[in-house]
Amino acid sequence: MEKTNSDGRSIEKELFIKATPQRVFQALTEQAELERWFLVKAELDLRPGGAISFEWDRARGVYNFGKILVLDPPHRLSYTWEAMEPSPTPVTFELTAENDGTRLHLIHSGIGEGKEWDHYYTLRNNGWNIHLEHLVAWLETGTCPSPGPIERPS
């Protein structure tokens with residue numbers, strides 16, 4: 001889903017995961033968890049203002065870094081992406097307990113206009129679709145594809 005507001009475009013995803021908000025938050029914030037479903041190497045300083053570093057394939061330039069904006073376990077996590085963006089963009093995960101699981105709402109905002117941003121939007125939108133599928137598989141079945149760079153659609 002694409003939305004546009006005064007801060008630019010945003011990518012929004014919402015899904016249900018059969019796991020508690022605490023378990024989902026753990027998968028979003030713990031190094032070993034992130035390195036199982038999302039990326040190859042994670043470094044996080046879990047506090048507001050703390051640094052994050054995410055690596056999928058540094059040799060190919062597939063990495064990101066940023067700062068934690070909001071850390072409210074197990075309800076909300078927000079951080080900036082700064083390495084591969086034309087300018088920093090915030091990513092926010094909102095978690096709400098629902099029935100026997102968690103409703104996850106992802107918002108990746110601050111996406112600008114123009115050709116470079118259009119390319120960025122397409123890559124991030126496709127990437128979030130795949131990564132969130134892996135997160136659900138990891139939390140619901142304990143298995144998922146190995147993390148790493150996502151092949152770009154042709």
Side-chain angles (χ1 to χ4, degrees), residues 1-2 7-15 17 19-95 102 104-112 114-154:
M1 172 188 320
E2 178 179 341
D7 296 327
R9 289 182 285 180
S10 64
I11 297 167
E12 293 198 33
K13 309 285 180 187
E14 190 170 288
L15 58 130
I17 304 171
T20 65
Q22 292 81 1
R23 178 67 184 105
V24 176
F25 199 84
Q26 177 184 19
L28 295 171
T29 58
E30 291 186 8
Q31 179 183 357
E33 293 284 326
L34 288 162
E35 291 174 356
R36 182 58 191 94
W37 69 269
F38 188 36
L39 42 84
V40 175
K41 183 177 180 188
E43 294 178 13
L44 300 97
D45 178 5
L46 282 178
R47 62 181 176 83
I52 62 164
S53 175
F54 294 161
E55 182 179 323
W56 290 267
D57 185 343
R58 187 164 291 271
R60 290 178 39 200
V62 186
Y63 63 93
N64 224 316
F65 60 84
K67 290 191 177 27
I68 295 177
L69 302 171
V70 176
L71 184 68
D72 180 19
H75 308 290
R76 189 172 166 93
L77 171 67
S78 183
Y79 49 78
T80 58
W81 285 45
E82 301 180 22
M84 299 173 62
E85 290 64 25
S87 64
T89 59
V91 175
T92 301
F93 297 90
E94 298 173 344
L95 308 176
T102 301
L104 181 146
H105 185 198
L106 169 111
I107 306 158
H108 190 154
S109 58
I111 301 169
K115 188 174 182 176
E116 187 177 6
W117 280 112
D118 291 345
H119 180 69
Y120 175 86
Y121 179 91
T122 299
L123 291 177
R124 295 301 167 269
N125 190 48
N126 292 337
W128 282 123
N129 287 338
I130 293 167
H131 289 307
L132 292 175
E133 285 177 20
H134 293 183
L135 174 63
V136 171
W138 174 242
L139 291 173
E140 292 185 357
T141 70
T143 62
C144 66
S146 295
I150 295 175
E151 294 302 317
R152 294 181 170 105
S154 28

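Positions are given from 1, in the same order as the sequence printed here. None of these values were measured; they are calculated from a predicted model.
- Between the W138 side chain and the R36 main chain, no donor and acceptor come within less than 3.5 Å of each other.
- Ring centroid separation for the pair F65 and Y79 does not come in under the 6.0 Å cut-off.
- T102 and A19 get closest at one heavy-atom pair: OG1-O, 2.6 Å.
- Residues K13 and N125 form a side-chain contact, since some pair of their non-hydrogen atoms from C-beta on lies under 4.5 Å apart.
- Because its NZ or CZ atom is not both nearer than 6.0 Å to the ring centre of F93 and within 45° of the ring axis, R76 does not count as a cation-pi partner of that residue.
- Residues L15 and L132 share a closest heavy-atom pair of CD2-CD1, 3.6 Å.
- Contact of the Y120 side chain with the I111 side chain is registered, since non-hydrogen atoms from C-beta on lie closer than 4.5 Å.
- You'll find the side chain of W117 reaches within 4.5 Å of the side chain of R9, heavy atoms only.
- Between H108 and W81, the angle of the ring planes lies from 30° to 60°, which puts this pair in the tilted group.
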- Yes or no on side chain to side chain contact (heavy atoms under 4.5 Å, CB included) for L77 and V70, after CA distance, side-chain angles and deciding distance? CA-CA 5 Å; L77 171 67; V70 176; over 6 Å; no
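- Side-chain contact between L71 and L46 is present, with at least one heavy-atom pair separated by less than 4.5 Å.
- To the nearest 0.5 Å, atoms CG (L34) and CD (E55) are separated by 13.5 Å.
- At a threshold of 4.0 Å, the pair E140-R23 does not count as salt-bridged, since none of the basic side-chain nitrogens sits closer than that to a carboxylate oxygen.
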- Hey, mind stepping through I17 and L135 against side chain to side chain contact (heavy atoms under 4.5 Å, CB included) and telling me if it holds? CA-CA 9 Å; I17 304 171; L135 174 63; 4.1 Å; yes
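- Side-chain atoms of E82 never come within 3.5 Å of backbone atoms of T89 as a donor-acceptor pair (strictly under, hydrogens ignored).
- E35 and Q31 form a side-chain donor-acceptor contact under 3.5 Å, judged by distance and modelled atom types alone.
- Aromatic ring orientation, W56 versus H131: tilted (interplanar angle from 30° to 60°).
- Side-chain atoms of L95 and L28, non-hydrogen and from C-beta on, do get closer than 4.5 Å to each other.
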- Would E14 and L104 satisfy side chain to side chain contact (heavy atoms under 4.5 Å, CB included), going step by step from the backbone distance to the final call? CA-CA 6 Å; E14 190 170 288; L104 181 146; over 6 Å; no
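- L139 places a side-chain heavy atom less than 4.5 Å from the side chain of V24.
- Here the closest heavy-atom approach between residue A137 and residue C144 is recorded as CB-CB, 4.0 Å.
- Side-chain contact between H134 and P145: present, with at least one pair of heavy atoms (C-beta onward) separated by less than 4.5 Å.
- For the residue pair H105 and E12, a side-chain donor N or O sits within less than 3.5 Å of a side-chain acceptor on the partner.
- When all heavy atoms of S10 and I107 are compared, the pair lying nearest together is CB-CG2, 4.4 Å.
- Taking CG of N64 as the reference point, atom OG1 of T80 lies at 8.5 Å (rounded to 0.5 Å).
- Under 3.5 Å, the side chains of T92 and S78 contain a donor-acceptor pair of N or O atoms.
- Within the 4.5 Å cutoff, side-chain heavy atoms of W128 are placed close to those of V91.
- Here NE2 of H119 is found 8.0 Å from OG1 of T122. Values are rounded to the nearest 0.5 Å.
- A salt bridge between K41 and D57 is absent, with no side-chain N of the basic residue lying under 4.0 Å from a carboxylate O of the acidic one.
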